[in-house]
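Counting convention: from 1, in listed order, for ligands and their atoms alike.
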Amino acid sequence: MTESKKKVLVLTGGGDCPGLNAVVRGIAKRARKEKNWEVYGSIEAFNGVLNEPQQIIQLGTRITAGIHVKGGTILKTTNKSNPLKFPVVQKDGSIKETDRSAELIQKIKALGFDAVINIGGDGSQKISRVLFDKGLNIVGVPKTIDNDLSATDMTFGFQTAVQIATDSFDKLVTTAESHHRVMIMEVMGRDAGWIATHTAIAGGAEVCLIPEIPYDIEKLVKRIEARYKHGKGFVNIVIAEGAKPKDGTIVSRTGEKGSEHVRLGGVAFQLSQQLKDAGCEAEIRETVLGHIQRGGTPTAFDRVLASLFGVKAMELVIHGEYGKMVALKNNNVSYVSLEEATRNYNFVNKDSFLVKAAKGLGISFGD
Ligand code: F6P
């Protein structure tokens with residue numbers, strides 16, 4: 001008698017991130033080594049299952065070949081379809097959040113799936129945890145350029161974002177130097193300053209402003225003036241989108257309908273104005289890097305990390321180790337429970353060696 005095939009459903013949720021396709025390929029390639037597993041993908045996170053008609057594709061060799069090099073996600077993604085708080089547009093245009101988790105689990109089971117691999121950030125893994133508690137065989141894979149998940153030493157996508165930001169920073173240095181200007185470069189990262197701090201060190205910034213260390217504008221002006229004291233100087237500042245002044249608030253914009261997050265962005269312009277208001281006489285220019293940081297091909301490091309995560313996630317599925325999220329721990333790919341995965345946010349610690357070393361390199365955090 002031939003053994004019946006088992007089926008695993010893979011999806012990518014939340015914002016895209018370089019390396020997602022390498023995870024999908026890693027899962028598919030590892031599964032092919034088993035004779036009894038087939039891999040499918042749900043298009044646009046759980047929408048592929050919830051929507052009618054459903055959109056689910058088999059991830060055969062032709063579809064996954066060579067995709068580890070490609071940015072974005074071949075499975076598409078969204079951050080507006082949390083099945084626990086699914087945004088349903090009402091007749092009057094307002095949004096009503098509906099819990100569709102029971103329907104989702106029933107549909108996944110009816111489709112004959114034995115397991116699900118959810119590739120996503122903090123929000124996605126919180127969803128994984130609830131679905132696991134409700135009886136779904138699920139494994140998580142952490143992704144985000146922000147590196148803000150505490151249960152893994154690093155997320156894939158982060159290195160790529162830092163590389164892109166550093167390449168951009170290097171370009172801004174030469175123009176800052178030529179014009180004797182203050183250049184402010186705003187990077188992503190939400191409430192964590194990982195991208196900013198790494199970019200500031202890699203690029204050799206004079207100033208790095210992060211959400212974890214509110215800045216003092218007077219101190220910044222003094223720091224800038226000191227650079228202009230002996231002839232004409234120039235200053236390169238990296239600021240994280242979630243940074244704020246002492247006693248100030250973050251700069252945010254209204255998100256789209258159904259989005260769970262407030263949109264950050266624009267703090268570079270706020271800082272520019274604050275510096276001028278505080279008497280900074282140097283010419284200032286602002287650059288907001290935005291989604292450039294999330295696009296394009298992943299770095300070699302991120303391709304490797306993402307591929308290892310994919311293989312590990314599939315192995316957890318093969319061994320029936322559900323309710324887990326793969327993680328990088330002490331240079332080894334292992335896993336943590338979804339409970340641990342979603343417990344703490346990963347902030348930059350202002351007393352860490354990372355920050356102390358940056359200060360040792362002469363970088364001011366405006367504190
Ligand atoms: O979480 C990744 C991230 O790129 C953040 O750094 C940024 O604040 C946010 O997503 C942007 O989200 P969106 O793509 O929805 O504008």
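For the atom pair OH of Y40 and NZ of K7, the computed distance is 4.5 Å after rounding to the nearest 0.5 Å. Separating the NZ atom in K222 from the NZ atom in K219 is a distance of 8.5 Å, to the nearest 0.5 Å.
Taking a cut-off of under 4.0 Å to the non-hydrogen atoms of G189, the atoms of ligand 1 that pass are 6 (O). Within ligand 1, counting atoms from 1 as listed, the ones closer than 4.0 Å to a heavy atom of E241 are 5 (C), 6 (O), 7 (C), 8 (O). The atoms of ligand 1 that sit less than 4.0 Å from any heavy atom of N79 are 15 (O).
By the 3.5 Å distance cut-off applied to N or O atoms, I145 is not counted among the residues near ligand 1.
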With side chain to side chain donor-acceptor pair (under 3.5 Å) as the test, would you mind laying out the steps for Q159 and T299 before giving the verdict? CA-CA 7 Å; Q159 289 284 344; T299 57; 5.7 Å; no
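Residue L264 does not touch ligand 1, judged by heavy-atom distances below 4.0 Å.
Ion pairing between a basic and an acidic side chain is recognised when a charged N comes within 4.0 Å of a carboxylate O; E206 and R223 show no such pairing.
Annotation: K350, atom NZ; neighbour count of heavy atoms from other residues, nucleotides and ligands within 6.0 Å does not exceed 12.
Nearest to atom 10 (O) of ligand 1 by heavy-atom distance, out of R190, R294, M188, is R294. Nearest residue to atom 13 (P) of ligand 1 from R263, R253, H291 is H291 (criterion: closest heavy atom).
E241 places a side-chain N or O within donor-acceptor distance of the main-chain N or O of G189, the cut-off being under 3.5 Å.
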